[in-house]
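In what follows, a structure is listed as structure tokens, so that the remarks can point back to it.
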Amino acid sequence: LTRDTLTLSVTGSERNEVPLQNAAREPRPVRVWRHDCTALDEGDVAARRLSDFLKLPARLVRFDPAHRRPSSREWTG
């Protein structure tokens with residue numbers, strides 16, 4: 001992880017560089033810890049890498065900066 005890039009790397013496979021700048025990403029509905037929101041999809045190459053590694057369908061997404069998700073006091077005090 002650098003300031004500009006997230007690198008996905010699995011032994012025996014090519015590295016996948018995911019830029020962290022605000023590039024145009026496809027929004028998609030996601031659920032994170034019982035919270036439904038919209039996240040930005042990082043694309044098919046990253047999804048394929050994660051899916052192959054995890055042996056199940058997966059997508060790499062990031063929170064949409066426009067979405068607000070307050071922390072629960074139960075977890076953050």
Side-chain angles (χ1 to χ4, degrees):
L1 180 63
T2 68
R3 178 184 168 132
D4 301 317
T5 307
L6 169 67
T7 302
L8 300 178
S9 176
V10 176
T11 302
S13 180
E14 290 180 30
R15 300 176 103 172
N16 182 37
E17 307 285 330
V18 180
L20 298 177
Q21 302 306 315
N22 288 335
R25 301 287 187 239
E26 187 68 30
R28 69 171 41 234
V30 298
R31 175 173 281 191
V32 178
W33 298 304
R34 295 178 294 185
H35 176 79
D36 294 315
C37 61
T38 300
L40 303 177
D41 193 305
E42 292 299 335
D44 292 337
V45 173
R48 202 168 29 256
R49 293 261 191 268
L50 287 176
S51 297
D52 289 348
F53 178 73
L54 297 171
K55 307 286 190 248
L56 56 92
R59 302 292 301 183
L60 177 63
V61 298
R62 72 170 88 179
F63 279 110
D64 183 345
H67 178 75
R68 304 302 292 170
R69 185 174 182 262
S71 298
S72 167
R73 291 208 183 273
E74 177 182 358
W75 306 111
T76 59

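Predicted model, so just to flag it, every value in this text is computed and none were measured. Numbering of residues begins at 1 and proceeds along the displayed sequence.
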**Study point:** Euclidean distance, Glu17 CD relative to Thr7 OG1, rounded to 0.5 Å
**Key:** 3.5 Å

Review point. Does a side-chain heavy-atom distance below 4.5 Å link Pro19 with Thr5?
Key: no

Practice item. Take Cys37 and Val30 through the side-chain contact (heavy atoms from CB on, under 4.5 Å) test and state the conclusion after the steps. Key: CA-CA 6 Å; Cys37 61; Val30 298; 3.8 Å; yes

Review point. With sequence neighbours excluded, what pairs up with Asp44 under the side-chain contact (heavy atoms from CB on, under 4.5 Å) test?
Key: Arg48, Arg59

Point to revise | Minimum heavy-atom distance between Asp41 and Val61, given as atom pair plus value | key: CA-CG1, 3.9 Å

Check your understanding: Sequence neighbours excluded, which residues qualify as side-chain hydrogen bond (donor to acceptor under 3.5 Å, both in side chains) partners of Arg31?
Key -> Asp36

**Study point:** Nearest heavy-atom neighbours spanning Ala58 and Ser51
**Key:** N-OG, 2.9 Å

Review point. Any chain of hydrophobic side-chain contacts (each under 4.5 Å) joining Val45 to Leu1?
Key: no

Review point. Which atoms form the tightest heavy-atom contact between Leu8 and Ala46, and what is the distance?
Key: CD1-CB, 4.0 Å

Exercise for review: Using the test side-chain hydrogen bond (donor to acceptor under 3.5 Å, both in side chains), find all partners of Thr2 that sit at least two apart in sequence or belong to another chain.
Suggested key: none

Check your understanding: Which distance, rounded to the nearest 0.5 Å, do you find between the CG of Leu60 and the CZ of Arg49?
Key -> 12.5 Å

Review point. Which value, rounded to the nearest 0.5 Å, describes the distance between Leu6 atom CG and Asn16 atom CG?
Key: 8.5 Å

